Novice: 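Sharing a structure below in structure tokens format, with a few things to ask.
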Amino acid sequence: MKFGELTAHLNSALNGDAKFAAAYLLVGGDGFLRSEAKRLLKSVLLEDFASFNFSTVQTADEAVDALMTVPVFDEHRICVLSPDKEPGEQDVATLAAYLASPVHGSILVLDGSDATAKKVGTKACQKVDCGALSEEELHAQIAKLLAAPPAAEMDARAEEELVRRTQGSMARIASEIEKLKAYSYGKILPGDVRLLVGADLDYQAYLLADAVSKKNANDALTILSYLIDEGFAPWTILSSLYDRYRKLLHISLNKNLTNDALAELLGVKSGAIYFMRKEVDGYTQIRLKRCVDRLHALQYDIVSGKRSDESAMHQAVLELLNI
């Protein structure tokens, strides 16, 4: 199930209209959503006795021991397994043996890697997708964060700017909204986001690639000037562009893969893939391949001493606009 469906599922199970799963396997790379999923699962316990019936452990043996323990003045016991390393064959076998005959009322929450979740998953388990949210889900989560005390409103353009600058990472969005609330006195405007939410090099590379894809020379050169003024070295800017286009090409060549699979392949957060897919729409595979090849050639020119890194950087942007 998607993360956004978890609340309804748990409420239905509490009302007796559905059953709790023996285990909830958290998959996907957004740390904020994983934390929220654990919080929501803990909320099914009676508050007065939750400290007795909720535990977090690091090994499969500890998890099984906790799950076999009778809950204190409650129907349920929840154990979160957050392994500090990838579980070995024995750990997987231990979990598989438990899940073949789980204890009624005990709930295992596996907060590990997607690979581990795949190994131990059975019909008794329920996967909870904590990866990139859809646009609708993202805005719904932002609305919840804004409504939490102290409540604040956010201009639609400010929200769009926030999502773009954070590349849809809920972990960062949650942190930035807390900061924006403290600054904005109840109404968050686009200027507040631009002032307080840092636009790092990855985000600027995204903007630069977006301007190039639309062949908007003015915007591309403005962004390039901003990066130079901020003190980014020409080699760093060129390398960031190369890395960005290389990832866009991989996404274009592997459109059938899920966001989480692509995120693992490229070493990025799954939320970033959502925005990269949008970028890819502005390119053909042939154009992306030409961009990657040209950027690689310019990097080679620098290391071989054929041109300066500053010259190569400017040449890169001008050529990308014309590919």
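The shown structure was predicted, so the numbers you read here are calculated from the model rather than taken from an experiment.
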Novice: Answer yes or no: are there more than 12 heavy-atom neighbours, outside Met1 itself, under 6.0 Å from its atom CE?
Specialist: yes

Novice: Look at the side chain of Asp74 and the backbone N and O of Pro71, then say whether any donor-acceptor pair between them is shorter than 3.5 Å.
Specialist: no

Novice: Taking NZ, NE, NH1 and NH2 as the nitrogens, is one of them in Glu178 or Lys181 under 4.0 Å from a carboxylate oxygen of the other?
Specialist: no

Novice: Is the shortest side-chain heavy-atom distance between Met154 and Leu180 below 4.5 Å?
Specialist: yes

Novice: May I have the step-by-step check of salt bridge (charged side-chain N to carboxylate O under 4.0 Å, His left out) for Arg39 and Glu36, ending in yes or no?
Specialist: CA-CA 5 Å; Arg39 183 187 65 79; Glu36 279 294 287; 3.0 Å; yes

Novice: Check for a donor-acceptor pair, side chain of Asn254 on one end and backbone N or O of His250 on the other, with a separation under 3.5 Å.
Specialist: yes

Novice: Start with the C-alpha gap between Thr116 and Ser113, add the side-chain angles, then the distance that decides, and say whether side chain to side chain donor-acceptor pair (under 3.5 Å) holds.
Specialist: CA-CA 5 Å; Thr116 300; Ser113 71; 3.0 Å; yes

Novice: Before you tell me yes or no, could you show the steps for Lys255 and Val280 under side-chain contact (heavy atoms from CB on, under 4.5 Å), namely the whole-Å CA-CA distance, both residues' side-chain angles and the distance that decides it to 0.1 Å?
Specialist: CA-CA 10 Å; Lys255 291 183 178 179; Val280 166; 4.1 Å; yes

Novice: Which heavy-atom pair separates Gly282 from Arg287 by the least distance, and what is that distance?
Specialist: O-NH1, 3.4 Å

Novice: Can a donor-acceptor pair be found, under 3.5 Å and without considering hydrogens, that links the side chain of Lys179 to the backbone of Leu196?
Specialist: yes

Novice: Does the side chain of Leu110 reach to within under 4.5 Å of the side chain of Val80, using non-hydrogen atoms?
Specialist: no

Novice: Please give me the minimum heavy-atom distance between Ala50 and Lys42, naming the atom from each residue.
Specialist: CB-CE, 4.3 Å

Novice: Taking the side chain from Thr236 and the backbone from Phe232, do they hold a donor-acceptor pair closer than 3.5 Å?
Specialist: no

Novice: Would you call Asp114-Lys118 a salt bridge at under 4.0 Å N-O?
Specialist: no

Novice: Using the side-chain contact (heavy atoms from CB on, under 4.5 Å) rule, take Thr166 and Leu162 through it: C-alpha gap first, then chi angles, then the decisive distance, then the call.
Specialist: CA-CA 6 Å; Thr166 59; Leu162 176 64; 4.0 Å; yes

Novice: Tell me if a side-chain donor or acceptor on Asn216 pairs with a main-chain N or O of Ala211 at a distance below 3.5 Å.
Specialist: no

Novice: Taking C-beta and beyond as the side chain, do Arg307 and Leu298 meet within less than 4.5 Å on heavy atoms?
Specialist: yes

Novice: Looking only at atom types and distance, does a side-chain atom of Asp155 sit under 3.5 Å from a main-chain N or O of Arg157, one as donor and one as acceptor?
Specialist: yes

Novice: Would a 4.5 Å heavy-atom cut-off, applied to side chains only, mark Ile173 and Leu138 as touching?
Specialist: yes

Novice: For the pair Ser252 (side chain) and Leu249 (backbone), establish whether a donor and an acceptor sit closer than 3.5 Å, ignoring hydrogens and angles.
Specialist: no

Novice: For Asp229, does the CG atom sit with more than 12 other heavy atoms under 6.0 Å from it, leaving out its own atoms?
Specialist: yes

Novice: Classify the ring geometry of Tyr242 against His296: parallel below 30°, tilted from 30° to 60°, perpendicular beyond 60°.
Specialist: tilted

Novice: Once salt bridge (charged side-chain N to carboxylate O under 4.0 Å, His left out) is applied, do any residues pair with Glu136, and if so which ones, sequence neighbours excluded?
Specialist: none

Novice: Short question: side chain of Glu319, backbone of Ala316 - any donor-acceptor pair under 3.5 Å?
Specialist: no

Novice: Using a 4.5 Å cut-off on heavy atoms from C-beta on, say whether the side chain of Val27 contacts that of Phe3.
Specialist: no

Novice: Which distance, rounded to the nearest 0.5 Å, do you find between the CG of Leu208 and the OG of Ser240?
Specialist: 8.5 Å

Novice: Inspect the contact between Asp281 and Arg277 and indicate whether a charged nitrogen and a carboxylate oxygen are less than 4.0 angstrom apart.
Specialist: no

Novice: Under the criterion salt bridge (charged side-chain N to carboxylate O under 4.0 Å, His left out), I'd like the reasoning laid out for Arg165 against Glu176: C-alpha separation, chi angles, the key distance, then a yes or no.
Specialist: CA-CA 10 Å; Arg165 283 178 177 253; Glu176 297 295 351; over 6 Å; no

Novice: Do Lys38 and Asp111 come close enough that some side-chain heavy atom pair is under 4.5 Å?
Specialist: yes

Novice: Checking the side chain of Gln315 only, and the main-chain atoms of Ser311 only, is there a donor and an acceptor separated by less than 3.5 Å?
Specialist: no

Novice: Any sub-3.5 Å donor-acceptor pair from Lys187's side-chain atoms to Glu153's backbone N or O?
Specialist: no

Novice: Could you tell me whether the side chain of Ile177 reaches within less than 4.5 Å of the side chain of Arg172, counting heavy atoms only?
Specialist: no

Novice: Could you point out which residue of Val64, Thr56, Leu67, Asp65 forms a side chain to side chain contact (heavy atoms under 4.5 Å, CB included) with Cys79?
Specialist: Leu67

Novice: Which atom pair, heavy atoms only, marks the closest approach of Leu288 to Tyr245?
Specialist: CD2-CD2, 3.9 Å

Novice: Heavy atoms, side chains only, cut-off 4.5 Å: are Arg77 and Ser106 in contact?
Specialist: yes

Novice: Just checking Lys215: does its NZ atom have more than 12 heavy atoms from other residues, nucleotides or ligands closer to it than 6.0 angstrom?
Specialist: yes

